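Only a predicted model underlies this, so the values are computations on that prediction, with no experimental measurement involved.
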Amino acid sequence: MAGISLQHIFKTYSGNPPVTAVHDFCLEIDDKEFIILVGPSGCGKSTTLRMIAGLEEITDGELYIGDKLVNDVAPKDRDIAMVFQNYALYPHMTVYKNMAFGLQLRKTPKDIIDKKVKEAAKILDIEHLLDRRPRALSGGQRQRVALGRAMVRDPAVFLLDEPLSNLDAKLRASMRAEITKLHKRLGTTFVYVTHDQTEAMTMGDRIVVMKDGFIQQVDTPQNLYDCPCNVFVAGFIGTPQMNFLPATIRKKEDGHFVAAFGDSLFPILPDRVEAKTIAAYEGKEVLLGIRPEALREEPIYMDQPTTGVIDAEVELAELMGAETYLYLVSQGQNIIARVPSRSSAKSGDSIKMAVDCTKLHIFDKETEQVITV
């Protein structure tokens, strides 16, 4: 098995002008780690994966798999297996032959091929499909075959490029769980690319958030959610996404600082930001980041010393089963609140919402970097 080291990796495409798709990418991936590259379309995540696979040439920097520098090593000699978005199965071959083909090219003995294919098929619950051709399979079954074809090679590294994007929502959820269990069972390094932050949050040991070819933040799913480093990460991670409200930092007569959103005052708690840090923002505009679940409508929250209160109009109440999403407007700003399904709020209502300031994020308006800890 092997870890992966990406040291100051650049990818530039020639042209007039040249286009740099990946900028100074530095990442250490541990042996047996499940790492997720996530970001919007065009952020460079698939290009990075293809450079690890050897399908894209590295413009600058060094890439190691294990202790071996592989910049100039052919894909077939990198001890990796890749699962593509479109499955890339041979339509004229049976499932068995699709899974066995790579081993046949390596001149692997037939009895070993047969053993490996049947073992992988059993793990993936596709033993009954071995004689079928891809056109007779569902999307989820084709995805399992693609995974099985990678598994039989016993690679040091699995590379998966948006493997679930062609599946329906229900199948995506079940395949997420299957791939996570497969990673634990195989004990192999997985590098997984997706634009779906739900996949990233539920599957990865660590997540690499990318934007415009740059790494924004690398951390565990929970830390990314609780402690985003900037506005982009805060808005990208979480469903529904974080609310952002303009506010001004003020100092009260008692020396404590508050964030003023119109007439609403949000206390800035000492354990959320250092006094000298927030003091530098006195009188300046900032962005407040508020997760939808940090908004409460129950009266008990309205008079707490750690909450601020806003007046809002309900534009839409969306029942989601176990919870309700309230789409609100307050002082011209759109806000989403996630509240219990027992909420009685409905379209057209004027309501008060308490903001839990123990979970308040504050961002510099100019740099969009986080101020709170």
Side-chain angles (χ1 to χ4, degrees), residues 1-15 18-37 44-93 97-110 112-113 116-117 120 134 143 145-163 179 182-183 186-194 208 210 213:
M1 303 304 172
I4 304 171
S5 176
L6 298 101
Q7 301 177 8
H8 304 287
I9 300 292
F10 287 81
K11 177 60 184 179
T12 301
Y13 293 100
S14 58
V19 175
T20 301
V22 178
H23 300 258
D24 199 19
F25 191 102
C26 296
L27 183 66
E28 298 295 325
I29 302 173
D30 295 332
D31 182 27
K32 301 180 183 178
E33 187 173 19
F34 197 137
I35 200 99
I36 306 266
L37 306 182
K45 56 189 185 296
S46 289
T47 302
T48 302
L49 193 77
R50 291 174 65 83
M51 284 192 285
I52 297 173
L55 302 176
E56 290 278 1
E57 185 178 341
I58 295 171
T59 305
D60 197 13
E62 294 183 335
L63 171 64
Y64 292 85
I65 297 179
D67 298 325
K68 183 179 181 182
L69 179 66
V70 297
N71 285 46
D72 299 318
V73 175
K76 66 183 179 63
D77 298 322
R78 293 194 180 196
D79 199 14
I80 56 98
M82 190 159 179
V83 180
F84 295 92
Q85 178 179 354
N86 62 356
Y87 319 134
L89 301 177
Y90 297 107
H92 62 287
M93 292 184 183
K97 289 183 178 178
N98 263 286
M99 292 173 65
F101 188 66
L103 297 178
Q104 290 170 347
L105 290 179
R106 292 182 174 186
K107 309 282 193 234
T108 306
K110 285 187 177 181
I112 295 178
I113 292 176
K116 286 190 171 186
V117 169
Q143 190 59 74
V145 175
L147 287 168
R149 183 179 55 189
M151 282 172 59
V152 297
R153 296 177 55 192
D154 294 324
V157 178
F158 269 85
L159 306 177
L160 301 99
D161 190 5
E162 305 208 31
I179 291 174
L182 183 63
H183 170 255
L186 298 179
T188 309
T189 306
F190 273 44
V191 185
Y192 187 106
V193 161
T194 181
V208 181
M210 296 182 67

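The SG atom of Cys26 lies 8.5 Å from the CG atom of Leu6; values are rounded to the nearest 0.5 Å. Taking CD1 from Ile80 and CG from Leu159, the interatomic distance works out to 5.0 Å, rounded to the nearest 0.5 Å. Annotation: the span from Ile4 atom CD1 to Leu63 atom CG amounts to 7.5 Å, rounded to 0.5 Å. Once rounded to the nearest 0.5 Å, the distance linking CG of Leu37 with CD1 of Ile35 reads 7.0 Å. Note that CD of Gln143 and CG of Leu89 are 8.5 Å apart. Values are rounded to the nearest 0.5 Å.
Lys76 pairs by the side-chain contact (heavy atoms from CB on, under 4.5 Å) definition with Ala74, not counting sequence neighbours. With sequence neighbours excluded, the residues satisfying side-chain contact (heavy atoms from CB on, under 4.5 Å) with Gln7 are Ser5, Glu28, Glu62, Tyr64. Legend: residues meeting side-chain contact (heavy atoms from CB on, under 4.5 Å) with Pro109, ordered by chain and number and at least two apart, are Asp111, Ile112. Evaluation of the side chain to side chain donor-acceptor pair (under 3.5 Å) rule for Thr59 yields no partner, not counting sequence neighbours. Applying the ring-ring contact (aromatic ring centres under 6.0 Å, His included) rule to His23 yields the partners Phe214; only residues at least two apart in sequence or on another chain are considered. Partners of Lys116 under the side chain to side chain donor-acceptor pair (under 3.5 Å) rule, at least two apart in sequence or in another chain, are Asp154. Residues forming a side-chain contact (heavy atoms from CB on, under 4.5 Å) with Asp30 (at least two apart in sequence, or on another chain): Glu33. Not a single ring-ring contact (aromatic ring centres under 6.0 Å, His included) links Phe25 to another residue, sequence neighbours left out. Residues that satisfy the ring-ring contact (aromatic ring centres under 6.0 Å, His included) test with Phe101, not counting sequence neighbours, are Tyr90.
Ring geometry for His183 versus Phe190: interplanar angle over 60°, hence perpendicular rather than tilted (30 to 60°).
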Open item on the list: Applying side chain to side chain contact (heavy atoms under 4.5 Å, CB included) to Lys11 and Glu57, what does each step give before you reach the verdict?
Closed with: CA-CA 8 Å; Lys11 177 60 184 179; Glu57 185 178 341; 4.2 Å; yes
TODO: Starting from the C-alpha separation in whole Å, work towards a yes-or-no answer on side chain to side chain contact (heavy atoms under 4.5 Å, CB included) for Thr188 and Lys32.
DONE: CA-CA 5 Å; Thr188 309; Lys32 301 180 183 178; over 6 Å; no
Open item on the list: Determine whether Ile29 and Thr189 satisfy the following criterion, side chain to side chain contact (heavy atoms under 4.5 Å, CB included), listing intermediate values before the conclusion.
Closed with: CA-CA 8 Å; Ile29 302 173; Thr189 306; 3.8 Å; yes
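Looking at Asn98, its side chain does come within 3.5 Å of a backbone N or O of Met93 through a donor-acceptor pair. Remark: side-chain polar atoms of Arg78 are not paired, donor with acceptor, to backbone N or O of Val157 under 3.5 angstrom. Although no hydrogens or angles enter the test, the distance criterion places no donor-acceptor pair under 3.5 Å between the side chain of Thr12 and the main chain of Thr20. Put simply, the side chain of His8 never gets that close to the backbone of Asp60: no donor and acceptor are under 3.5 Å apart.
For the pair Leu160/Leu147, a side-chain contact is recorded, criterion being any heavy-atom separation below 4.5 Å from C-beta on. Put simply, the side chain of Phe10 does not reach to within 4.5 Å of the side chain of Ile58, judged on heavy atoms. The shortest distance between side-chain heavy atoms of Arg149 and Val83 does not fall below 4.5 Å. Annotation: side chain of Leu186 is in contact with side chain of Met151 (closest heavy-atom distance under 4.5 Å). Within the 4.5 Å cutoff, the side chain of Phe158 has no heavy atoms near those of the Arg153 side chain.
What you find for Tyr87 and Pro163 is that their closest heavy atoms are CE2-O, 4.0 Å. Closest approach of Pro91 and Pro134 over heavy atoms only: O-CD, 3.8 Å. The nearest pair of heavy atoms linking Ala120 to Val152 is CB-CG1, 3.8 Å. Nearest heavy atom pair, residue Asn71 against residue Gly61, reads ND2-O, 2.8 Å. Among all heavy-atom pairs drawn from Ala2 and Ile65, the shortest one is CB-CG2, 4.0 Å.
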Determine all donor-acceptor pairs shorter than 3.5 Å in which one atom belongs to a side chain in residues 45-54; sequence neighbours excluded.
residue	atom	partner	partner atom	Å
Lys45	NZ	Gly39	O	3.0
Lys45	NZ	Pro40	O	3.2
Ser46	OG	Asp161	OD1	2.9
Thr48	OG1	Gly44	O	2.8

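Around the CG atom of Asp77, the shell of radius 6.0 Å holds more than 12 heavy atoms that belong to other residues, nucleotides or ligands.
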